[in-house]
Amino acid sequence: MTEILTMLQSSTTMTMTKAVIIALSACLLGLLVSWVYIFTSKKTGLTRGFALTLVVVTTMTAIVVMFVGNNVATAFSLAGVFTLVRYRSEQTSPKDLAFIFVCMGIGLTCGIGYIHYSLLFAVLLSAVIIILTALNFGDGGTVGMNLKIVVPEDMEMPDPFEEVLSEYTKSYRLVRIRSTDFGSMVELMFAVRLDKNVDRKELMDKLRARNGNMPVTFSFDVPKEK
């Protein structure tokens with residue numbers, strides 16, 4: 001095992017054996033991180049496609065770094081990877097973005113031949129993520145949800161709901177306004193944080209009293225399955 005690691009770190013010539021070992025190692029470590037993502041996202045919801053993406057990102061990052069080596073193209077390749085991360089980050093949560101950065105770091109380390117360090121960092125970070133998730137670190141006794149309120153097109157918005165939202169939520173933010181039913185209705189989407197003990201039925205009743213008893217919907221901020 002020691003001879004293999006020494007060969008991977010010291011050899012400057014790419015061989016089939018070296019390429020296979022690095023790619024397989026990155027893939028296995030990507031599977032470890034993907035499993036941690038699945039394990040820690042059971043309660044909040046997970047996307048199978050994203051779990052697969054973590055494995056692919058780890059492996060492809062290692063392959064790119066492995067083949068460009070010290071070439072000037074390395075900078076451009078890594079810039080492309082970070083561009084993809086930014087694009088993905090616009091559609092996902094900070095937690096998912098953190099998992100992508102973990103996979104990229106592991107892939108980079110594997111790609112330059114330091115597989116033992118990659119394994120160490122992967123196990124360490126996985127343990128930290130699992131422990132923090134088990135302790136509900138950063139939870140604060142609140143839950144994040146999406147609140148959708150449908151109102152008539154001629155109704156003043158979102159002022160009628162601010163008093164109720166200020167009373168029942170820890171924080172709220174209007175994130176989207178769009179027309180529905182051929183322009184006769186308007187849909188307001190709020191990102192809210194609720195205390196876990198708040199009476200959601202009572203909150204919905206008060207909101208319906210202000211929007212003419214039209215639909216009010218709560219949903220968890222779970223990525224859609226694709």
- Taking atom CD1 of I130 and atom CZ of F39, what is their separation to the nearest 0.5 Å? 6.0 Å
- Can you say whether the rings of H116 and Y114 are parallel (under 30°), tilted (30 to 60°) or perpendicular (over 60°)? tilted
- Message: Would you say K95 and Y37 are linked by a side-chain donor-acceptor pair, where the criterion is simply a distance under 3.5 Å?
- Response: no
- Message: Could you measure the distance from the NZ atom of K201 to the CG atom of L203? Nearest 0.5 Å is fine.
- Response: 11.0 Å
- Message: Looking at V150, is its backbone amide N or carbonyl O close enough to the side chain of N211 to form a donor-acceptor pair, meaning the two atoms are under 3.5 Å apart?
- Response: yes
- Message: Quick check on the hydrophobic clustering: are M214 and V186 connected, directly or via other members, by side-chain heavy-atom contacts under 4.5 Å?
- Response: no
- Message: So which atom in A122 and which in L32 form the shortest heavy-atom distance, rounded to 0.1 Å?
- Response: CB-CD2, 4.0 Å
- Is there a donor-acceptor pair closer than 3.5 Å between any side-chain N or O of S25 and the backbone N or O of I21? yes
- Message: Show, in sequence, the C-alpha distance, side-chain angles and deciding distance for N146 and M189, and conclude whether the side chain to side chain contact (heavy atoms under 4.5 Å, CB included) test is met.
- Response: CA-CA 7 Å; N146 291 327; M189 178 70 76; 3.8 Å; yes
- Exercise: identify the closest heavy-atom pair between R200 and F218: O-CE1, 4.3 Å
- Message: On a heavy-atom basis, which atom in A23 and which in T59 lie closest, and how many Å separate them?
- Response: O-CG2, 4.0 Å
- Write down the atom of V192, the atom of T169, and the distance for their closest heavy-atom approach. CB-CG2, 4.2 Å
- Task: Using the rule that two of Ile, Leu, Val, Met, Phe, Trp, Tyr join whenever any of their side-chain heavy atoms come within less than 4.5 Å, decide whether I22 and I63 are in one cluster.
- Result: yes
- Results of side chain to side chain contact (heavy atoms under 4.5 Å, CB included) for S118 - residues two or more places apart only: L29, I106, T109, C110
- Query: If you draw a 6.0 Å radius around CD in E202, do more than 12 non-hydrogen atoms from other residues or ligands fall strictly inside?
  - Reply: yes
- Item | For D199, all residues meeting side-chain hydrogen bond (donor to acceptor under 3.5 Å, both in side chains), sequence neighbours excluded | none
- Nearest 0.5 Å, what's the CD-CZ distance between E162 and F190? 7.5 Å
Validation: residues 172-181 side-chain donor-acceptor distances under 3.5 Å, sequence neighbours left out:
residue, atom, partner, partner atom, Å
R176, NH2, E187, OE2, 3.0
R178, NE, E187, OE2, 3.0
R178, NH2, E187, OE2, 3.4

